[in-house]
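To start, the structure under review is shown below, and the notes come after it.
Please read all numbers here as calculations on a predicted model, not as lab measurements.
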Amino acid sequence: MACALDVEETAGALERYRRRAGGLIVAGAAVLPLAAGAGALLTEPWREDTAILLCVVGILALGAGTGSLALARRMRRTLAAGTWSAHPAVALDRTGHATTLVLRAPDGTETWPLTVIATRHRYEAVRPGPDGVLWWCGDPRVGGVLAPPGGGPLIWAKPLRGERVRRRVVAHAAAEGLAHRPVPKQPQAQPPEPVTANGPDPLAANGPGPVTANGPGPVTANRPAPFPANGPEPVIAPVPRPFAWEDPHPVLTCGPDPFGTDDPEAGSGPDPFAPGGPDSVNGPATRRRDEAGTGSGPTYAVLVAHAERQAMPPGKAPRREADVREVRWWRVRSLRRLAGVQRVLVALAFCAAVGAVALTGPPEEDVPKLWFAAALPLAGLVYAGHHVLTRGRHAARLMARAATSHTPVPRRYVLLYDPHGGAPVLVFFPMHGGPDDRPEGVLPLVLPGTPKDPRRGLPERPTGPAGLHGWRDRTPFGAPFVVPWIDGRPLWAAGPYREADGKEFLALLDRLAPPVEAQSS
């Protein structure tokens with residue numbers, strides 16, 4: 001890796017950021033002439049309010065776009081001049097101040113308190129997850145680029161000013177356990193994969209670590225990119241993002257169309273234990289795992305260690321809701337939220353409130369303001385209703401159909417969290433196995449809790465048994481839709497079940513559980 005821009009995901013994230021900045025500039029330049037035209041064409045009492053509003057929107061868009069474009073150029077120069085390095089990180093929220101991050105140098109000799117230069121929603125995509133690992137490129141004395149493991153999305157950070165403030169922030173980070181975080185594996189430290197007569201050896205990167213004075217070193221989850229020994233310098237592969245619905249109308253393997261009926265029990269899917277099912281010796285899942293070479297990748301013991309570091313104390317028990325096996329999907333609270341019905345009800349409430357104000361007969365000079373106030377909830381209602389009709393109800397029916405299927409597939413799960421937004425992800429292993437087992441698949445989950453407590457309703461233990469229901473419906477690419485039942489409750493998936501399928505699957509596991517150089521003391 002010659003520079004950080006050689007990482008494909010980094011280059012793509014920077015290009016998307018630059019395009020958004022350009023779009024803001026174009027939008028601002030287009031809105032300002034509209035303000036002048038509105039002032040010339042409209043009559044009182046609409047003229048003044050409309051012109052002022054359009055001017056404010058145009059100036060804000062131009063300012064934000066120009067600043068973002070300048071920052072994008074600065075990030076490009078920094079990324080082209082340096083390489084990525086992985087660091088333990090702690091996020092600190094200081095009331096009344098900009099968001100602060102503290103990074104620890106890979107060798108543990110110094111800490112870098114930094115101030116994040118990004119909007120709140122962009123920072124949330126980069127906020128260090130439970131593992132507390134961020135990638136850094138730049139000079140901590142001047143500023144640099146931060147990204148979650150994988151190289152994107154990107155935000156800019158600069159050193160925190162004030163010696164007293166820096167000491168106080170560093171002490172707070174030390175109290176959060178920054179000094180005892182594991183040292184992550186460096187992105188550029190991955191050696192070429194050994195080449196054998198029959199191709200790359202999938203087991204070479206998972207043997208015992210280097211021999212030290214005290215015996216063999218630790219076993220790590222380092223997986224190098226599959227480049228030939230004498231080939232070009234390896235480039236980190238783009239990390240897949242399977243955490244979204246690939247298609248609202250999946251291809252059905254058998255049974256009637258689940259979108260044509262409201263009965264989640266309709267249809268009969270294939271028996272997962274029948275020939276060709278997920279547990280069959282010669283089934284498609286087994287063949288895919290054999291073709292991918294499941295000898296590579298992190299073991300059950302490695303992922304359990306990550307899961308235990310990420311685990312949080314159990315919170316309140318989830319609220320009881322209707323059993324999806326006994327009622328239709330719209331009577332299940334979590335499925336209504338998954339379908340987006342609550343957003344429609346909120347938008348309807350705002351529209352009703354604006355309508356009630358209009359019926360009271362407001363003064364004539366306030367009518368333009370009322371129209372502007374009504375435009376936003378009306379647009380939200382149209383968007384939310386379109387989402388429910390085109391995607392939401394199909395996804396809810398699909399989950400209800402999968403959750404009510406019979407003959408579950410028993411598996412062991414490990415609960416991890418995606419550093420891109422903190423979404424929970426279940427990694428599944430064979431039910432009867434040992435600590436050296438390799439993952440069979442991953443399943444992204446929808447956060448089951450409320451906005452104030454989003455993790456409420458997740459399993460209390462980071463590991464344990466689960467029963468996978470579903471296997472009836474698949475995407476056009478063959479990925480099945482399943483619903484895990486844990487502790488007698490279903491957990492709704494945010495996408496299809498992804499089976500082990502080669503280097504992209506391993507890159508996804510590297511993002512969920514970044515490889516480490518050494519364990520914490």
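Across every non-hydrogen atom of Gln310 and Leu512, the tightest pair is NE2-O, 3.7 Å. Residues Ala400 and Leu335 share a closest heavy-atom pair of CB-CD1, 4.1 Å. Contact between Met399 and Ala493 at its shortest, heavy atoms only, is SD-N, 3.6 Å. In terms of heavy atoms, Pro377 sits closest to Phe350 at CB-CB, 3.6 Å. Of all heavy-atom pairs between Pro439 and Val427, the closest is CB-CG1, 3.7 Å. Taking all atoms of both residues into account, the shortest heavy-atom contact from Leu381 to Cys351 is CD2-SG, 4.1 Å.
Using modelled atom types, one side-chain atom of Thr10 and one backbone atom of Gly151 make a donor-acceptor pair closer than 3.5 Å. A donor-acceptor pair is defined here as one N or O able to donate and one able to accept, closer than 3.5 Å; no such pair exists between the side chain of Glu440 and the backbone of Ala500. The backbone N or O of Ala118 sits nowhere less than 3.5 Å from a side-chain atom of Trp156 that would complete a donor-acceptor pair. A donor-acceptor pair under 3.5 Å is formed between the side chain of Thr475 and the backbone N or O of Ala479. A donor-acceptor pair under 3.5 Å links the side-chain atoms of Arg337 to the main chain of Pro448, judged by distance alone. With hydrogens and angles disregarded, a donor-acceptor distance shorter than 3.5 Å links the side chain of Arg393 to the backbone of Leu389. Judged by distance alone, with hydrogens and angles left aside, the side-chain atoms of Ser405 form a donor-acceptor pair with the main-chain N or O of Ala402 at under 3.5 Å. For the pair Arg181 (side chain) and Ala89 (backbone), a donor-acceptor distance under 3.5 Å is present.
Between Arg412 and Asp437 there is a salt bridge, since a side-chain N of the basic residue sits under 4.0 Å from a carboxylate O of the acidic one. The pair Glu504-Arg498 meets the salt-bridge criterion, with a side-chain N (NZ, NE, NH1 or NH2) lying under 4.0 Å from an Asp/Glu carboxylate O.
Side chains of Trp492 and Ser334 form a contact here, defined as non-hydrogen atoms less than 4.5 Å apart. Contact check for Tyr413 versus Ile486: side-chain heavy atoms found under the 4.5 Å cut-off. Looking at heavy atoms from C-beta onward, Leu146 lies in side-chain contact with Leu103 at the 4.5 angstrom threshold. Looking at Leu101 and Leu134, their side chains come closer than 4.5 Å, going by heavy atoms from C-beta outward. Annotation: side chain of Pro462 is not in contact with side chain of Val414 (no heavy-atom distance under 4.5 Å). Contact of the Phe428 side chain with the Pro484 side chain is registered, since non-hydrogen atoms from C-beta on lie closer than 4.5 Å. For the pair Val116 and Ile155, the minimum side-chain heavy-atom distance is below 4.5 Å. Side chains of His469 and Trp485 form a contact here, defined as non-hydrogen atoms less than 4.5 Å apart.
Within 6.0 Å of atom CZ in Arg319, 12 or fewer heavy atoms from other residues, nucleotides or ligands are found, so the atom counts as exposed in its surroundings. No more than 12 heavy atoms of other residues, nucleotides or ligands lie within 6.0 Å of CZ in Arg320, so this atom counts as exposed by the packing criterion.
When only modelled atom types and interatomic distance are considered, His306 and Arg309 share a side-chain donor-acceptor pair under 3.5 Å. Side-chain contact check for Arg127 and Thr99: no donor-acceptor pair (N or O, by modelled atom type) lies under 3.5 Å.
Residues forming a salt bridge (charged side-chain N to carboxylate O under 4.0 Å, His left out) with Arg20 (at least two apart in sequence, or on another chain): none. In terms of the ring pair (Phe, Tyr, Trp, His ring centres under 6.0 Å) criterion, residue partners of Tyr300 (sequence neighbours excluded) are, by chain and number, Phe429.
Applying the salt bridge (Lys or Arg N to Asp or Glu O under 4.0 Å) rule to pairs touching residues 484-495 yields Arg461-Asp487, sequence neighbours excluded.
Using cut-offs of 30° and 60° for the angle between ring planes, the Trp471 and Tyr497 rings count as perpendicular.
Rounding to the nearest 0.5 angstrom, the gap separating the CE atom in Met431 from the CG atom in Leu468 is 10.5 Å.
Cation-pi geometry between Arg455 and Tyr417 is met: the NZ or CZ atom falls under 6.0 Å from the ring centre, inside 45° of the normal.
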